[in-house]
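Taking it in order: structure first as structure tokens, then the write-up.
Position 1 is the first residue of the sequence, and the numbers go up from there.
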Amino acid sequence: QVELVESGGGLVQAGGSLRLSCVAPGRTVNTLNVGWFRQTPGKEREFVCSIGWEGKSTFYSASAKGRFTISRVNAQNTVFLQMNSLKPEDTAVYYCAAGSVTSNPPSYTYWGRGTQVTVSS
């Protein structure tokens, strides 16, 4: 079992930036593919981006491409999601997940509990 913990969410004005972090306390994520998803009430969980365990392969949704950057520092056992030029429609709970790089949530084995991101207009 791998516990994932997200942090870095908060309230930001449109056009601002946030950096989310995903760690696995007591366990390395260095050999795991990791993805970020987001979800708003009443909607399905939406793929944002993902990164291969080696840090060389990255994948982005159309809405994230050009504004968000996923990265990892294996020495810190952490995966980051840098979000720039945030829009009100980016408001959601953001989840870190491990075990895949696809956009399909069931392909991921482990999930964090999420961190709230709110973008005000």
Say you draw a straight line from OG of S121 to CD of Q13; how long is it, rounded to the nearest 0.5 Å?
9.5 Å
Going only through I, L, V, M, F, W and Y residues with side-chain contacts under 4.5 Å, is there a path from I70 to Y108?
no
Using a 4.5 Å cut-off on heavy atoms from C-beta on, say whether the side chain of M83 contacts that of V117.
yes
Set out, in order, the CA-CA distance, both residues' side-chain angles and the distance that settles side chain to side chain contact (heavy atoms under 4.5 Å, CB included) for W53 and V29, then state yes or no.
CA-CA 8 Å; W53 67 269; V29 293; over 6 Å; no
Answer yes if Y95 and V48 sit in the same cluster of Ile, Leu, Val, Met, Phe, Trp and Tyr residues linked by side chain heavy atoms under 4.5 Å apart, and no otherwise.
no
CD (E6) and OH (Y94) are apart, to the nearest 0.5 Å, by 12.5 Å
Would you check if the side chain of N33 reaches a backbone N or O of G99 as a donor-acceptor pair within less than 3.5 Å?
no
Side-chain donor-acceptor contact under 3.5 Å, T28 with N30:
yes
First locate atom OG of S61, then atom CZ of R67, and finally report the distance between them rounded to the nearest 0.5 Å.
8.5 Å
Side-chain heavy-atom pair R38, S63 within 4.5 angstrom cut-off:
yes
Between the CH2 atom in W111 and the SG atom in C22, the distance rounded to the nearest 0.5 Å is 11.0 Å
Any chain of hydrophobic side-chain contacts (each under 4.5 Å) joining F68 to W36?
yes
Could you go through the side chain to side chain donor-acceptor pair (under 3.5 Å) check for S17 and N84 one step at a time?
CA-CA 4 Å; S17 299; N84 299 328; 2.9 Å; yes
Tell me, please, which residues at least two apart from S103 pass side chain to side chain contact (heavy atoms under 4.5 Å, CB included).
F47
Roughly how far apart are S21 OG and R72 CZ, rounded to 0.5 Å?
13.0 Å
Full working for side chain to side chain contact (heavy atoms under 4.5 Å, CB included) between L4 and V34
CA-CA 10 Å; L4 300 174; V34 174; 6.0 Å; no
Distance check, rounded to the nearest 0.5 Å: S7 atom OG versus R19 atom CZ?
9.0 Å
Does F59 belong to the same Ile/Leu/Val/Met/Phe/Trp/Tyr cluster as F37, with side-chain heavy atoms less than 4.5 Å apart forming each link?
yes
With hydrophobic residues grouped by side-chain heavy-atom distances under 4.5 Å, do L86 and L20 end up in a single group?
yes
Supply the members, apart from F80, of the Ile/Leu/Val/Met/Phe/Trp/Tyr cluster built from side-chain contacts under 4.5 Å; use none for a lone residue.
V73
